[in-house]
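These notes are about the structure you will find just below.
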Amino acid sequence: MDTLAYFINKYGIDITKESPFKLSISRETDIPQIFKELGFKIGAEIGVYRGAYSETLLKAIPGLKLSGIDLWEIYPGYRDYRKTDISEAQKEALERTKDYDCTLIRGWSNEIVKKFADESLDFVYIDGNHAFEYTVQDIALWSKKVRKGGVVYGHDFEDWSHNWRRFDMGVINAVTGWCRSYQIHPWFIIGKDKHPGWLYVKA
Ligand SMILES: C[S@@+](CC[C@H](N)C(=O)[O-])C[C@H]1O[C@@H](n2cnc3c(N)ncnc32)[C@H](O)[C@@H]1O
């Protein structure tokens with residue numbers, strides 16, 4: 001199936017207009033269903049935390065082989081979680097994913113990526129460190145691992161500058177800048193959830 005044609009037809013996208021296109025769809029229900037309809041079977045999630053979204057994907061997509069990459073450690077400059085919280089998270093992720101074809105790999109996303117062959121994934125879900133430089137790095141490294149017609153997809157396309165953790169607008173600036181720099185069009189905002197996501201189909 002032609003993935004881009006699927007999105008354009010399903011959501012009536014007028015590609016003569018400018019990207020991004022906001023889709024009123026949710027990461028919890030619609031995206032797993034879309035990946036199932038597209039026949040996606042091999043994916044990677046960058047940033048697993050407690051494995052809640054890994055489990056959502058694995059439950060909804062029959063036969064999905066998922067690699068989940070996470071450092072499960074607080075490091076300087078990473079402000080999302082407290083130490084106690086993150087150390088329990090790996091155990092919970094293992095428990096949630098143990099009945100599925102899921103491999104959890106502990107390490108830095110920019111190191112673990114070297115284990116994956118280029119164009120070997122149907123999708124990547126980027127939800128690790130949301131700071132600008134990490135987001136750009138994850139998109140640059142992991143998008144190479146997605147096959148043509150696969151989906152590069154991520155979370156938290158939002159302005160966090162008023163949040164106590166002060167992530168600022170790392171994801172918005174990284175994704176917008178990436179898509180502009182590489183003339184990626186169309187690209188989409190997954191806009192139905194409290195925390196929006198973003199995606200594009202790899203050309
Ligand atoms: C927002 S959470 C992931 C949530 C998960 N995707 C979900 O929806 O349930 C972000 C995770 O990214 C991990 N992380 C942050 N920076 C990382 C890096 N450079 N390499 C690998 N993992 C990282 C953190 O340890 C944390 O568990």
Side-chain angles (χ1 to χ4, degrees), residues 25-35 40 43-61 64 66-100 102-116 121 123-146 151-160 163-172 174-175 189-199:
I25 60 173
S26 152
R27 81 164 189 152
E28 298 296 328
T29 50
D30 298 296
I31 293 288
Q33 182 60 30
I34 288 167
F35 286 0
F40 285 6
E45 181 181 18
I46 315 310
V48 172
Y49 189 46
R50 293 178 178 271
Y53 196 54
S54 322
E55 188 181 11
T56 298
L57 292 169
L58 289 159
K59 257 190 192 157
I61 307 170
L64 176 65
L66 185 70
S67 301
I69 291 87
D70 202 301
L71 191 61
W72 284 293
E73 248 175 62
I74 304 293
Y75 55 93
Y78 186 55
R79 292 170 290 190
D80 292 30
Y81 299 104
R82 292 185 304 271
K83 202 168 175 58
T84 47
D85 187 25
I86 202 114
S87 56
E88 288 158 21
Q90 186 182 15
K91 277 190 219 145
E92 189 173 331
L94 278 165
E95 187 55 33
R96 281 180 191 263
T97 57
K98 71 177 184 337
D99 296 332
Y100 298 95
C102 179
T103 309
L104 298 181
I105 311 171
R106 186 170 188 168
W108 294 93
S109 66
N110 63 326
E111 287 296 327
I112 303 299
V113 70
K114 296 172 190 160
K115 296 179 189 283
F116 288 75
L121 302 173
F123 72 89
V124 65
Y125 182 59
I126 297 174
D127 193 18
N129 188 327
H130 296 93
F132 176 79
E133 64 273 32
Y134 283 92
T135 308
V136 172
Q137 179 175 254
D138 278 339
I139 300 172
L141 295 175
W142 284 95
S143 62
K144 288 201 185 93
K145 307 300 166 183
V146 175
V151 165
V152 182
Y153 162 46
H155 200 211
D156 293 321
F157 188 89
E158 57 194 311
D159 179 359
W160 291 88
N163 185 280
W164 64 273
R165 291 173 286 194
R166 300 188 192 195
F167 298 156
D168 310 323
M169 290 179 54
V171 177
I172 293 183
V175 175
I189 295 172
I190 296 142
K192 203 172 170 184
D193 306 316
K194 184 171 170 220
H195 300 295
W198 57 273
L199 72 75

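As the structure lists them, so they are numbered: ligands from 1, and atoms in each ligand from 1.
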### Query
Does any non-hydrogen side-chain atom of I69 lie less than 4.5 Å from one of W142?
yes
### Message
Within the structure provided, determine whether T29 and Q33 are in side-chain contact (heavy-atom separation under 4.5 Å).
### Response
no
### Query
Quick one: are L64 and F123 in side-chain contact, heavy atoms under 4.5 Å?
yes
### Query
With atoms numbered from 1 as shown, which atoms in ligand 1 lie under 4.0 angstrom from a non-hydrogen atom of W72?
25 (O)
### Query
So is R27 close enough to ligand 1, meaning a heavy atom under 4.0 angstrom away?
yes
### Task
Decide yes or no for Y134 and I126: does some side-chain heavy atom of the first lie under 4.5 Å from some side-chain heavy atom of the second?
no
### Query
Would you say E73 has any N or O atom under 3.5 Å from an N or O of ligand 1, going by distance alone?
no
### Query
Taking 4.0 angstrom as the limit, do R50 and D70 come out as a salt bridge?
no
### Message
If you take the nearest heavy atom of each of Y134, Y49, Y53, Y75, which one is closest to atom 16 (N) of ligand 1?
### Response
Y75
#### Entry: Under-4.0 Å heavy-atom contact with ligand 1, by part of I86 that carries it
side chain
### Query
Within less than 4.0 angstrom of ligand 1, does S54 place any heavy atom?
no
### Message
Below the 3.5 angstrom mark, is there an N/O of D70, backbone or side chain, next to an N/O of ligand 1?
### Response
yes
### Query
Going by heavy atoms in the side chains, are R27 and Y153 under 4.5 Å from each other?
yes
## Note on the structure
for atom 20 (N) of ligand 1, nearest protein heavy atom and its distance come out as S109 N, 3.0 Å
### Message
Using a 4.0 Å cut-off to any heavy atom of E45, which atoms of ligand 1 qualify?
### Response
5 (C), 6 (N), 7 (C)
### Query
So between G107, G47, G128, whose heavy atom ends up nearest atom 21 (C) of ligand 1?
G107
#### Entry: Flag, side chain of R106 to backbone of W72, donor-acceptor distance under 3.5 Å
yes
### Query
Do any N/O atoms on Y125 end up under 3.5 angstrom from N/O atoms on ligand 1?
no
### Query
Do I31 and Y53 have side-chain heavy atoms sitting under 4.5 Å apart?
yes
### Message
What I want to know is whether L71 and ligand 1 share at least one N or O pair that is separated by under 3.5 angstrom.
### Response
yes
### Query
Do any nitrogen or oxygen atoms of D127 come within less than 3.5 Å of a nitrogen or oxygen of ligand 1?
yes
### Min side-chain heavy-atom separation W108-N129 under 4.5 Å
no
### Message
Please report whether ligand 1 has a polar contact with W108, defined as an N or O pair separated by less than 3.5 Å (distance criterion only).
### Response
no
#### Entry: Nearest protein heavy atom with distance in Å, relative to atom 1 (C) of ligand 1
Y81 OH, 3.3 Å
